[in-house]
J.: 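First, the structure itself, so that you have it in front of you.
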Amino acid sequence: MPTPVISPREADVLALLGEHLSNAEIAARLFISVRTVESHTSSLLRKLALPDRRALSRRAVELARAERPRPAPALPAPLTAFVGRERERAALAALLADHRQVTAVGPGGVGKTRLALAVAAGAADGFTDGVWFVDLAPVAGPDRVAAAVAAVLGVGEQPGQGLDEAVCAALAERRALLVLDNCEQVRDGVAPFLERMLAACPQVRVLATSRARLLVPFERAFPVPPLSRDGGATSEAVALFVERATAAAGMAPDPALRDGIAAVCERLDGMALAIELAAARWPTLGLDGLRDGLSDQLRILAGGPRADERHRSVRAVLDWSHELLEPADRALLRRVSAFVLPFTAGAAVSVAGFAPLDPGAVADGLGRLAEQSLLTVVPSAHGTRYRAQETIRQYGAELLDGAGESARTRGRHLDWCLGGADGLARAADEERQLPEGGWQAGFDALAEELRAALAWAAERPERRPDARRLALGLAGLAFDRHLLGEAQQRLEQAAALATALTEDSPTDAADATDAVNAADSLREAARVAGCRRLGDDMYRLHRAAAAAALDAGDPAGAARDLAAAATVAHRFSSTFTRLPAAAEVTALLARARELSDGSPAASAALALAEAAVLADAYGSVQGSPDNTARETVGYAERAVDLARRAGDPVAESAALDALSGAHSWAGEPFAAAGAARRRVELLALAPRTPATAHEQVDALAMAAATAIGVGELDRARQWGRQLSGHPLTAEVGHHATSWLLVADAFAGQEEDVLAGGARFLDAWEQGGRPRSFSLGPAAAAVAMVHGLRGDDGARASWLAVAGRAGTEEEYRHGYGAVFDATVLLDRGEAEAALERLSPAPEEVWKWVSWVWLHWYAAVRVEASVLSGHPEARERLAGARATVAGNPAAEAQLDRAEALLDGDPARVRASAAAFASAGSHYQSARSLRLADPAGIS
């Protein structure tokens, strides 16, 4: 079938259809008439054989994606030429073209990484969404695989899901190639990660390198052989030796020596690493020296159960290279194997600079090791660093164990990491007010070292106190770096280490101290889980903290934790995957009462739990429908008073949240907004901790929502912008922008809504399309704006999102009724609008009592007036008392009364009142309605 010819003007129209613009907007953008746009649209439908405008929009997006520049391969640039491997390169490329996941398998030093990089670079054009290289060598453990991939992809955490799920969401619709290097040391983490990712991301392919197969579905193994020695003096192995020797000496070996070089390469079994190391020694030892040295060293690993012949060959070269070193340089090589990342000379002095090494000679020794290709020089913006190739690092670690220096060297590495963590914490405190403090780069450069040191220390009873200290330091740094999942993990690890210390401690006093430390760490972990919107974890960790507190002989602390767990089950019920049974939560509250000592802190925690569990102040799904609103307010007010007496701003904020909810249920939106506003003011002065950060995010959301409820649109937008820009919401744009979208929609800020909607939708989809009481209204608000702009296709798409992001009853009876009726009124369909709002507010109080009551009442009155309902004036009078004090709703009632009285001047005057209230859409609507034709 011939490709349809699309004219340049039709192409322009098609591109703008992809932006979901209306015919009028396209006409204005292209300076043509609406009729011409309609003609081009009809022509495009015919030429592309598409059924409707929505299909045209989708086609435009597909064409734009196909034409966008392809990302350059994200591959490291080799510093030396790739030599030979033509057969292997072609075979591996063909295998990758036919299979989802290919593993290049072979011993260390055979050349797996260079071959994989060459194949990936050659295949890059076939992957429109990029080629990404992930080096797993520095990864501290199997549980860090997803984090390493996420870091390369630039993917952050999503609340309620792990990093592996976030990676899958980011790659779900991408055609990309991942190159995972050095998988062998974390194979237990790579295998499950790949199994999940390959199933979830059908267009992603993986090229891995490993010493052993990964044993996952879809895998095809490709054994990487040694370099070919076929052809003798003209073989690939000799070509590699000559190329590297030329680079080392500045001149090529005499061609007459090629047969001798071929013999050396044969003795090395064609192993790329061994050949490169031998070639680096050629300028100083010559061919005879190389041949003699290899003969001596090959005997060291002759036979033995640990490795096959190829491993022996690599080890032979490494042993021989090691024997050529001076004793001090040998010590330095084995000691710097403690580093898992590039390190500075100063760091090497701290870790490796002890007898027989002179600390002052460490820098010179690093230079000598680099000259002999045992270390690689890594230039950086912060000075010269050194790095040991992974095979050499592992070889050095074995030498370290053999020399009996492992405990001392790794202990010094641990001490160096503790100092580095302390320094980063101080820098973070000093730079916390800056948008991007320099400490973040320092953390990124040190994090894997901290993790490696922690893993080593955690397994040694004598270093457990240091391990706990490092776990806590790493948790704080990870939290400030917005790695919330790791922060929670490290706090739980610190608690486990403290518990282990109780088993090691010789005294009851030490046991109690360690148990207190465990409880403190678990409480902090619960607060980080709150920042991640993981209700199940919050509940679990508060209960675990209570158990630790009892072990520490602190029943009052246990009472606070049990009360907190009970509160969490109601306050954050929407963040649970499985809510605990009501009887279980009630039992926790009863146990907390038994343990309480009546202290201010315990009393405040109990009062808040009672407001949540007994009075359902938060309106959770497990609350009783028989609660009396005034009783609920009383419970919440008591909780606020006791929290204030306890001097705990976090507890007071939580109690104010309960009070705000109680006022909402009582039909007192201004009181609800006032309590929410007090939370924001209170927390602005509180020190930044996970607990205050969690409260701040929640407080900003509630302040924005309740301000919308009373018509304070400017304030709502201000708090909405603060929430949108909060560091903890950087990776959750759907939660970050939800109330700002609603406020902007009510304010008539259409362009802001459309721009924010794009961020919302992308984050919502990457987050797994969750449901929440704030996400449905946000999507419905975007749908309303599209409806007001006359774009029914985009409106329908966003209404579908609203249906999945919220609940059907909330949409039908609450915010959906307000937004739908607003669109219908804008289109002159007053009777349909009134039908959408037919129940009186008191009939749907549960769905409108919080944010939507005033808007529901005001829009319902306007629909009654414009549709000529016989009870319009009665409804107007009744709504006056309901919305009194809400400037936007009062202006809408004033305009409705003017319309009812047939007074265009008063209708026109309402425009100023709307503008003053920040509702620019309604201000413009007043001017339209002021036209007598608009009243009729």
Side-chain angles (χ1 to χ4, degrees), residues 76 108 135-141 144 148 151 181-182 184-186 318 321-322 325 328-354 357 359 361-403 405-424 441-460 463 466-467 470 473-474 477:
D135 184 7
L136 298 177
V139 174
R144 299 296 304 168
D181 195 32
N182 295 307
E184 59 273 356
Q185 65 152 348
V186 286
L318 290 171
S321 184
H322 175 258
L325 298 175
D329 289 348
R330 293 180 193 174
L332 182 59
L333 178 65
R334 64 179 178 261
R335 293 174 186 177
V336 296
S337 69
F339 293 102
V340 297
L341 293 174
F343 54 89
T344 64
V349 169
S350 298
V351 173
F354 60 93
L357 268 180
V362 167
D364 285 343
L366 293 173
R368 286 191 295 273
L369 292 176
E371 289 170 1
Q372 296 173 48
S373 298
L374 291 168
L375 293 179
T376 300
V377 178
V378 183
S380 74
H382 303 287
T384 300
R385 293 178 181 269
Y386 298 88
R387 178 180 182 273
Q389 196 268 348
E390 182 61 17
T391 303
I392 296 175
R393 191 180 77 82
Q394 292 180 7
Y395 176 79
E398 291 187 6
L399 294 176
L400 192 65
D401 289 338
E405 295 179 344
S406 184
R408 186 174 183 185
T409 301
R410 296 192 185 280
R412 290 171 68 96
H413 179 256
L414 172 63
D415 294 336
W416 175 75
C417 285
L418 285 166
D422 290 342
L424 286 173
F443 173 80
D444 294 344
L446 187 63
E448 286 297 342
E449 298 289 357
L450 302 182
R451 293 163 184 144
L454 175 56
W456 176 82
E459 297 299 320
R460 285 155 181 79
R463 298 309 300 257
D466 291 322
L470 184 54
L474 186 51
L477 292 167

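The shown structure was predicted, so the numbers you read here are calculated from the model rather than taken from an experiment.
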J.: At what distance, to the nearest 0.5 angstrom, does CG of Leu375 lie from CG of Leu332?
T.: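 So the gap between those two atoms works out to 7.0 Å.
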J.: Hey, what do you get for CZ (Arg334) to OH (Tyr395), rounding to the nearest 0.5 Å?
T.: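 Rounded to the nearest 0.5 Å, the CZ-OH separation comes out at 11.0 Å.
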J.: Any chance you could lay out the side-chain contact (heavy atoms from CB on, under 4.5 Å) test for Leu325 and Leu369, step after step, and finish with the verdict?
T.: CA-CA 9 Å; Leu325 298 175; Leu369 292 176; 3.9 Å; yes
J.: Quick check: Trp416 with Phe339 (ring centres under 6.0 Å apart)?
T.: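 Yes, ring centres under 6.0 Å apart.
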J.: Heavy atoms, side chains only, cut-off 4.5 Å: are Thr384 and Leu366 in contact?
T.: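 Result no, sub-4.5 Å side-chain heavy-atom pair not found.
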J.: Arg335 side chain to Gly396 main-chain N or O, any donor-acceptor pair under 3.5 Å?
T.: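 Side chain of Arg335 to backbone of Gly396: no pair is present.
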J.: Is a side-chain donor or acceptor of Arg385 paired with a backbone partner of Phe343 at a separation under 3.5 angstrom?
T.: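 Such a contact is absent between Arg385 side chain and Phe343 backbone.
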J.: What distance separates Leu424 CG from Cys417 SG, expressed to the nearest 0.5 Å?
T.: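 Output value for this atom pair is 10.5 Å.
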J.: Mind listing the closest non-hydrogen atom pair of Ala445 and Leu341 along with its distance?
T.: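 Heavy atoms only, the tightest pair is O-CD1, 3.4 Å.
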J.: Would you please name every residue forming a side chain to side chain contact (heavy atoms under 4.5 Å, CB included) with Val340, sequence neighbours left out?
T.: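 Side chain to side chain contact (heavy atoms under 4.5 Å, CB included) check on Val340 returns Arg393, Glu448, Glu449, Ala452.
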J.: For the atom pair OG (Ser337) and NE2 (His413), what is the distance rounded to the nearest 0.5 Å?
T.: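 The OG atom of Ser337 sits 10.0 Å away from the NE2 atom of His413.
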J.: Please report the shortest heavy-atom distance between Ala338 and Val351, naming the atom on each side.
T.: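 Heavy atoms of Ala338 and Val351 come nearest at CB-CG1, 4.4 Å.
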J.: Could you check whether any side-chain N or O of Arg451 sits under 3.5 Å from a backbone N or O of Val139, counting only pairs where one atom can act as donor and the other as acceptor?
T.: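 No: the side chain of Arg451 does not pair with the backbone of Val139.
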J.: Is there a side-chain contact between Tyr386 and Val336 in this structure, where contact means two heavy atoms from C-beta onward sitting under 4.5 Å apart?
T.: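 Result no, sub-4.5 Å side-chain heavy-atom pair not found.
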J.: May I ask you to say whether Arg463 pairs ionically with Asp466, meaning some side-chain N is under 4.0 Å from a carboxylate O?
T.: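 Counted as a salt bridge, because a side-chain N and a carboxylate O are separated by less than 4.0 Å.
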J.: In Å and rounded to the nearest 0.5 Å, what is the CG to CZ distance from Leu400 to Arg410?
T.: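 Between atom CG of Leu400 and atom CZ of Arg410 there are 5.5 Å.
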J.: Considering non-hydrogen atoms only, spot the tightest contact between Val377 and Ala370 and give its length.
T.: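 Residues Val377 and Ala370, closest heavy atoms: CG2-CB, 3.8 Å.
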J.: Looking only at heavy atoms, what is the nearest atom pair of Leu470 and Ala453, with distance?
T.: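 In terms of heavy atoms, the two residues are closest at CD2-CB, 4.0 Å.
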J.: So which heavy atom on Asp135 is nearest to which on Arg387, and how close?
T.: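 Distance-wise, the nearest heavy atoms are OD2-NH2, 3.4 Å.
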J.: Testing the basics here: between Asn182 and Ala137, what is the closest heavy-atom pair and its distance to 0.1 Å?
T.: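 Where Asn182 meets Ala137 most closely, the heavy atoms are ND2-CB, 3.6 Å.
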J.: Return the CG to CG distance between Leu450 and Leu414, rounded to the nearest 0.5 Å.
T.: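 If we round to the nearest 0.5 Å, Leu450:CG and Leu414:CG are 10.0 Å apart.
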